[in-house]
Amino acid sequence: MSEEKKNFALIGVAGYIAVRHVRAIKDTGNILVASLDRFDSVGFIDNYFPEADFFIEFERFDRHIAKLIRQGTKVDYVSICSPNYLHDSHIRFALRSGADAICEKPIVLNPWNIDALQDYEKETGKKVWNILQLRHHQTIVDLREKVQHGPPDKVYDIDLSYITSRGNWYHYSWKGDVEKSGGIATNIGVHFFDMLTWIFGDVKENRVHFLKEDKAAGYLELERARVRWFLSINYEDIPREIKQAGQRTYRSITINGEEIEFSGGFADLHTASYEKILERKGYGLEAARKSIQTVYTIRNTKPVGLKGDYHPIIKTIKNDL
C-alpha cells in the first residue's frame, strides 16, 4: 500500500454503517476531507476527523468538492453509505469528480445498472469498489478454501436463517419502501447471497416460497449447493430459546447439518476491505453481479407457496403466512 495519504469524501455519514467507513479511513492512515448527510447527528466524526468539512445539502457539498479540486486538493475516493436507491447516482458523482467510489452493498438495485456504471468507469478511467466484507471473514475464507479443495462433484445442503428484529420505524423509513431499498432480501440478505455464490458458484435455480414486507423464504440451487433460506425482521419469528436468552437477532448457517459459527470477527472487516481497495485488490462491479441478480430475481418472482423443499423454520410460523 502506498504511504501517501489519500483524501476521502463520504456521502451518508449519519447512517448506521458510516462509522465503520470513517474508522477504516482512519485505520488505513488516510484523511476524510468532507462528508454529507441531510441529518446532522454526526458528532462521532470528532473522534476521527474533527477538521473535516460537513454539509447537509448536496449542492453545497458538490461545489465544495469541485472547489477542492480546483485548488489542487485531489479527492481520491468517495465513500458511499447513502440509502440503496441513491447508490447509483452517488457513484456517478464520484466518478465525474475524478475519484474512485467505495460503495456499501447493495451497490445498485438492478443488474443493468452495473452495465451502465461499467461504461462510466471506461469513460472516466476511475473504479467502483464494493464493500463485500464477508469475503474477508476468516471463517468464510476458510470455508471457501475447503470447498475449492474438496471433491469437485460434491454438492452441499445448506440452511440459511437470518432474523434481525426491527421496530415500527423500519416500515416508515426508506428501508420499508421496496422501490428505495429493494425489499427485505436486498436489505438484509444480499451479503449472504454474495457469500454463498462466492463459495458455491452460480445460481442455477431461484425459487421463492413466500415474500412479504417483513419476511421472505426460498430455495437456491447453486453449482455446488442446495440452499434453503429464510430472512425476517419480525421479532416473533425468532426461536423461543433465543428470545428467552434476551436476544433479538438469530443467525444460523448449517452445511450438511453442521453449524458454521461466524458471529464474531466482524469488527475490522471494513478496514480489511479498505486495505485491499487501497492495494487495488478490492472487489469491483463485476464481483457484485451475482448477488444483485439474485435479489432482483427474488424481488420480481411470484412466490410458489409452501411447495417443495422449503426452509424448516417455516413450519413453526406457517400459520402467520
Are [Y] and [X] connected in a single hydrophobic cluster, I mean Ile/Leu/Val/Met/Phe/Trp/Tyr linked by side-chain heavy atoms less than 4.5 Å apart?
X: L211; Y: L109; answer: no
X: Y156; Y: L160; answer: yes
X: V155; Y: L143; answer: no
X: W198; Y: Y162; answer: yes
X: F192; Y: I199; answer: yes

The ring pair (Phe, Tyr, Trp, His ring centres under 6.0 Å) partners of W169 (sequence neighbours excluded) come to none
Of D100, N30, D76, the residue whose pairing with F8 passes side chain to side chain contact (heavy atoms under 4.5 Å, CB included)
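The passing option is N30.
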[Y] and [X] side chains, donor-acceptor separation under 3.5 Å:
X: S252; Y: E259; answer: yes
X: R166; Y: N187; answer: no
X: T186; Y: Y296; answer: no
X: E258; Y: T254; answer: no
X: T271; Y: D27; answer: yes

Whether [Y] and [X] form a salt bridge (side-chain N of Lys/Arg under 4.0 Å from carboxylate O of Asp/Glu) is what I want to check.
X: K243; Y: E236; value: yes
X: D88; Y: R92; value: yes
X: R135; Y: D194; value: yes

Around [X], counting heavy atoms of other residues, nucleotides and ligands shown, do more than 12 lie under 6.0 Å from its [atom1]?
X: E286; atom1: CD; answer: yes
X: D46; atom1: CG; answer: yes
X: E51; atom1: CD; answer: no
X: E241; atom1: CD; answer: yes

Under the side-chain contact (heavy atoms from CB on, under 4.5 Å) test, which residues partner T197, sequence neighbours left out?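 Here the qualifying residues are V203, L222, K290.
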Work out which heavy atom in [X] is nearest to a heavy atom in [Y]; give both atom names and the distance.
X: F44; Y: V13; answer: CE2-O, 3.4 Å
X: N7; Y: K74; answer: ND2-O, 2.9 Å
X: A185; Y: V295; answer: O-CG1, 3.6 Å
X: H87; Y: I107; answer: CB-O, 3.1 Å
X: S41; Y: A14; answer: O-CB, 4.4 Å
X: I91; Y: V128; answer: CG2-CG2, 3.6 Å

query = Can you check ring-ring contact (aromatic ring centres under 6.0 Å, His included) on Y283 and H136, steps first, answer last?
reply = CA-CA 11 Å; Y283 295 107; H136 298 292; 5.8 Å; yes
Minimum side-chain heavy-atom gap [X]-[Y] below 4.5 Å:
X: F93; Y: I80; value: no
X: D177; Y: Y172; value: no
X: R207; Y: V304; value: yes
X: L10; Y: L32; value: yes
X: F200; Y: I158; value: yes
X: D309; Y: R228; value: yes

Any donor-acceptor pair under 3.5 Å from [X] side chain to [Y] backbone:
X: K127; Y: G284; answer: no
X: N113; Y: N110; answer: yes
X: D37; Y: F39; answer: yes
X: N130; Y: C103; answer: yes
X: T164; Y: I233; answer: no

Item to complete: Report yes or no: is the cationic atom of R226 (NZ for Lys, CZ for Arg) under 6.0 Å from the centre of the six-membered ring of Y219, at an angle within 45° of the ring normal?
Response: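 The answer is no, since R226 fails at least one limit relative to Y219.
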Side chain to side chain donor-acceptor pair (under 3.5 Å) test vs Q133 passes for just one of H191, K105, R20, namely K105
Rounded to the nearest 0.5 Å, what separation is found between the [atom1] atom of [X] and the [atom2] atom of [Y]?
X: S232; Y: I184; atom1: OG; atom2: CD1; result: 5.5 Å
X: L117; Y: L95; atom1: CG; atom2: CG; result: 7.0 Å
X: M195; Y: L134; atom1: CE; atom2: CG; result: 6.5 Å
X: F193; Y: I292; atom1: CZ; atom2: CD1; result: 11.5 Å

| task | Decide ring-ring contact (aromatic ring centres under 6.0 Å, His included) for H311 and H209; before the verdict, give the C-alpha distance in whole Å, the side-chain angles of both, and the deciding distance to 0.1 Å. | result | CA-CA 9 Å; H311 195 286; H209 289 119; 9.7 Å; no
Under 3.5 Å, side-chain donor or acceptor atoms of residues 53-69 against the rest of the protein: list the pairs with distances, not counting sequence neighbours.
| residue | atom | partner | partner atom | Å |
| --- | --- | --- | --- | --- |
| D53 | OD2 | H64 | NE2 | 3.1 |

Item to check | E275 and H270: CA distance, side-chain angles, deciding distance, side chain to side chain donor-acceptor pair (under 3.5 Å) verdict | outcome: CA-CA 9 Å; E275 288 172 346; H270 275 72; over 6 Å; no
